[in-house]
Amino acid sequence: MSYNINDKGYYGEFGGAYIPEMLYPNIEELRQNYLKITAEASFQEEFHELLKDYVGRPSPLYFAKRLSEKYNTKIYLKREDLNHTGAHKVNNTIGQILLAQRLGKTRIIAETGAGQHGVATATVCALMGIECVVYMGEIDIARQAPNVARMKMLGAKVVPALSGSCTLKDATNEAMRDWINNPVDTHYIVGSVVGPHPYPDMVARFQAVVSEEIKKQLIEKEGTENPDYLIACVGGGSNAAGTYYHYLDNTDVNIIAVEAAGKGIHTGESAATSVLGKEGIIHGSKTLLMQTGDGQITEPYSISAGLDYPGVGPMHANLYKTGRAEFISITDDEAMTAGLELSQLEGIIPAIETSHALAVFEHKTFKPDNIIVLNLSGRGDKDLQNYIDYFKL
Ligand SMILES: *Cc1c(COP(=O)(O)O)cnc(C)c1O
């Protein structure tokens with residue numbers, strides 16, 4: 001049995017492509033071409049050259065000495081925060097823009113909630129000189145002004161989504177509508193391991209460079225490519241998918257997935273999808289999502305904008321359902337405390353998303369000789385004001 005995707009586009013019972021008829025040609029074009037194109041030597045060469053010289057890969061695997069001493073175990077941090085643009089998201093946008101070019105696309109669209117994926121998309125569009133349109137809920141535009149400014153600086157057009165709750169799901173609807181109207185010249189860059197097949201698999205493969213590097217780096221440092229535990233935070237699940245990818249079927253390696261419990265799992269202000277979610281369809285994929293009794297999507301809440309998503313990708317739904325991964329929910333308060341702790345123990349200010357993963361060490365006791373690799377998915381510059389307000393610094 002494999003925990004990776006099968007040839008029908010499913011992880012166990014999750015995944016697939018539940019899309020309106022009018023999107024079928026776009027998705028089918030991608031499905032028929034993504035494996036072939038990404039396997040070409042010229043694609044791999046350009047992808048890895050950009051990851052090296054533009055993104056700054058490989059990202060270091062850093063042994064966090066003082067953090068390890070505090071929790072009496074061996075903690076390595078995979079430093080995705082050191083990537084150009086400050087997080088793991090750029091690994092995926094580089095892969096997708098190279099694919100779009102080879103499909104003859106001349107225009108890129110994307111949706112964004114907090115703006116991080118919009119910035120990563122606008123960045124690679126500037127790099128390649130391709131037109132970029134980013135859909136963003138009107139409320140998010142107001143909340144995330146610095147990222148809106150970045151996208152504009154990079155030459156992207158930011159289009160407000162004015163319907164519904166004026167947030168991420170409405171921006172996604174607008175982007176879908178655009179794609180239906182522009183199927184020939186436009187590629188839609190999805191930002192996480194979500195959406196209809198082949199998106200979850202395609203994004204996981206682009207992020208898989210993370211676990212490919214972890215294997216090599218851990219051999220150098222510990223003489224084994226296998227840690228005892230992998231830890232990553234899960235919004236849609238892309239940094240986690242990249243961390244787990246080459247270890248999915250190696251059950252000697254334990255997997256921990258960390259979700260945002262917001263103000264508490266049962267407070268009604270949470271994004272703990274594994275606990276609160278039920279099977280359903282969101283963004284074209286069968287997965288676990290937070291919904292009301294009659295199937296309306298529940299508004300999620302987390303202090304971190306990147307974890308504030310009502311579903312998880314189908315890979316993670318399957319990891320939960322099969323018990324392959326242990327899911328832990330972390331509250332806003334626990335995450336903020338862990339973020340401050342890493343800042344002061346290691347001199348690294350993490351993104352608040354990442355702080356959720358770091359809070360696992362207060363939740364779970366590891367053995368002194370356990371080797372743990374945690375994906376430090378992003379840096380905290382974007383969250384500084386949030387930390388300052390929270391701690392009254
Ligand atoms: C967007 C983001 C996340 C959440 O997205 P995933 O697809 O679950 O990885 C986590 N960390 C950081 C720093 C992010 O920017």
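Just so it is clear, the model here is predicted, and its values are computed rather than measured. Order of appearance sets the numbers: ligands from 1, and atoms from 1 within every ligand. The first residue of the sequence shown is numbered 1, and numbering continues consecutively from there.
- Criterion: ILVMFWY side-chain heavy atoms under 4.5 Å apart, direct or through other members. Under it, Tyr135 and Tyr309 are part of a common hydrophobic cluster.
- The pair Lys169-Glu111 does not count as a salt bridge, with every side-chain nitrogen at least 4.0 angstrom from each carboxylate oxygen.
- When each atom of ligand 1 is checked for a heavy atom of Gly378 under 4.0 Å away, the hits are 13 (C).
- Comment: Arg57 engages Glu80 in a salt bridge, judged by a side-chain N to carboxylate O separation of less than 4.0 angstrom.
- Only the side chain of Ala351 comes within 4.0 Å of ligand 1, judged by heavy-atom distances.
- The closest approach between any non-hydrogen atom of Gln207 and ligand 1 is not below 4.0 Å.
- By the criterion of a heavy-atom distance under 4.0 Å, neither the backbone nor the side chain of Asp81 is placed next to ligand 1.
- The ligand atoms of ligand 1 that sit less than 4.0 angstrom from a heavy atom of Ser192 are 6 (P), 7 (O).
- Ranking the protein heavy atoms by distance from atom 6 (P) of ligand 1 puts Ser238 N, 3.3 Å first.
- By the 4.0 Å N-to-carboxylate-O rule, Asp369 lies too far from Lys367 to be salt-bridged with it.
- Nearest protein heavy-atom neighbour of atom 4 (C) of ligand 1: Gly306 O, 3.4 Å.
- Between Cys233 and ligand 1, no N or O atom pair is found at a separation short of 3.5 Å.
- Taking the six-membered ring for Trp, Tyr71 and Phe366 have ring centres at least 6.0 Å apart.
- There is a path of hydrophobic side-chain contacts, each under 4.5 Å, that joins Tyr247 to Ile5.
- With a heavy-atom cut-off of 4.0 Å, His117 does not touch ligand 1 at all.
- In terms of N/O distances under 3.5 Å, ligand 1 is approached by Lys89.
- Ligand 1 has no nitrogen or oxygen under 3.5 angstrom from a nitrogen or oxygen of Lys382.
- Nearest protein heavy-atom contact of atom 10 (C) of ligand 1 is Glu353 CB, 3.5 Å.
- A salt bridge does not link Lys157 to Glu131: none of the charged nitrogens lies less than 4.0 Å from a carboxylate oxygen.
- Not one N or O of Thr354 is nearer than 3.5 Å to an N or O of ligand 1, by distance alone.
- With a heavy-atom cut-off of 4.0 Å, His88 touches ligand 1 through its side chain alone.
- Here the heavy atom of the protein found nearest to atom 12 (C) of ligand 1 is Ser377 OG, 3.5 Å.
- Note on Ile281 and Val193: separate hydrophobic clusters, where clusters join Ile, Leu, Val, Met, Phe, Trp and Tyr whose side-chain heavy atoms are under 4.5 Å apart, directly or indirectly.
- Summarising the geometry, atom CG belonging to Leu103 is positioned 11.0 Å from atom CG belonging to Asn26; distances are rounded to the nearest 0.5 Å.
- Below 3.5 Å of separation, one finds no N or O of Ala87 facing any N or O of ligand 1.
- Side-chain contact between Ile372 and Tyr76 is absent, with no heavy-atom pair separated by less than 4.5 Å.
- Ligand-side atoms of ligand 1 in range of Gly235: 8 (O), range being under 4.0 angstrom from any heavy atom.
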